[in-house]
Amino acid sequence: MSDTDNSTYEGFTAEERAAMKEHARELRTAARRGSRADKAAQAERDVLAKIAEMGDADRTMAERVHAVVTATAPALAPKLWYGMPAYALDGKVVCFFQSAAKFTSRYATLGFNDAARLDEGAMWATAFALTEVTPEVEARIAALVARAVS
């Protein structure tokens, strides 16, 4: 930093540090599990437990997102990723649900990583704000997830 820069780097926020600790815990837990089937079953239970811990609005949306993603793309494996419900293909997270409370945000987010194939020209969205999951939103989520794994 230059001497003229008045900004101060304060490091990661408490929420970001908590997410990183959750991710480290998730990796340690996954490494200790038994067979592939046991790991997959426990990972889904972990996702459902994390969703159950959410506040009412986030929980309702996360439940709907989980139902749509798992119905649309059964090949995606539910797992926790930085303490968030996520869905992976061949071990790579394709999409995830971030509750509004996770980083004290105004809205929940449905995000897609680069493993999702949503490329559209030179610019495309990789995250979508969610304030409610209506039938129209469910249809859009299903279309995005189907495109992400095709």
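Keep in mind that the numbers below use all heavy atoms, side chains included, and drop hydrogens, waters and symmetry copies. Starting from 1, each residue takes its place in the sequence as its number.
- The OG1 atom of Thr70 sits 6.5 Å away from the CD atom of Glu44 when rounded to the nearest 0.5 Å.
- Looking at heavy atoms from C-beta onward, Val69 lies out of side-chain contact with Phe97 at the 4.5 angstrom threshold.
- With rounding to the nearest 0.5 Å, the separation of NZ in Lys92 from CH2 in Trp81 is 13.5 Å.
- Minimum interatomic distance between Glu15 and Thr104 (heavy atoms only, all atoms of both residues): OE2-OG1, 3.1 Å.
- Ile51 approaches His66 most closely through the heavy-atom pair CD1-CB, 4.0 Å.
- The minimum heavy-atom distance linking Arg117 with Leu89 is given by the pair NH2-CD2, 4.2 Å.
- Linking ILVMFWY residues whenever their side-chain heavy atoms come closer than 4.5 Å, directly or via other members, places Ile141 and Val94 in the same cluster.
- A heavy-atom distance below 4.5 Å is not found between the side chains of Lys79 and Tyr87.
- The neighbour count for Arg140 CZ, taken as heavy atoms of other residues, nucleotides or ligands under 6.0 Å away, does not exceed 12.
- The hydrophobic clustering, which links ILVMFWY residues whose side-chain heavy atoms are closer than 4.5 Å, places Met84 and Leu130 apart.
- For the pair Glu22 and Tyr82, the minimum side-chain heavy-atom distance is 4.5 Å or more.
- Heavy-atom minimum distance, Pro78 versus Ala43: O-CB, 3.4 Å.
- Residues Phe128 and Leu144 have side chains in contact (heavy-atom distance under 4.5 Å, counting atoms from C-beta outward).
- Counting all heavy atoms, side chain and backbone alike, Pro85 lies closest to Val47 at CB-CG1, 3.8 Å.
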Checking Glu132 against Thr134 for the side chain to side chain donor-acceptor pair (under 3.5 Å) test, could you report, in this order, the C-alpha distance in whole Å, the side-chain angles of both residues, the deciding distance, and whether it holds? CA-CA 6 Å; Glu132 181 180 14; Thr134 64; over 6 Å; no

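- Atom CE of Met61 is separated from atom OG1 of Thr131 by 7.0 Å, given to the nearest 0.5 angstrom.
- The minimum heavy-atom distance between Ala73 and Val149, with the atom names listed, is CB-CG2, 4.0 Å.
- Side-chain contact between Glu63 and Val133: absent, with no pair of heavy atoms (C-beta onward) separated by less than 4.5 Å.
- A 6.0 Å sphere centred on CG of Asp90 holds no more than 12 heavy atoms belonging to other residues, nucleotides or ligands.
- One distance of note links NZ of Lys50 with CZ of Arg59; it measures 14.0 Å at 0.5 Å rounding.
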Distance-only donor-acceptor hits, side chain of residues 106-113, under 3.5 Å, sequence neighbours excluded:
unit_1: Asn113; atom_1: ND2; unit_2: Val93; atom_2: O; d: 3.4

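- In this structure, the separation between CD on Glu53 and CG on Asp58 is 12.5 Å, given to the nearest 0.5 Å.
- In this structure, the side chains of Leu76 and Val145 come closer than 4.5 Å at one or more pairs of heavy atoms.
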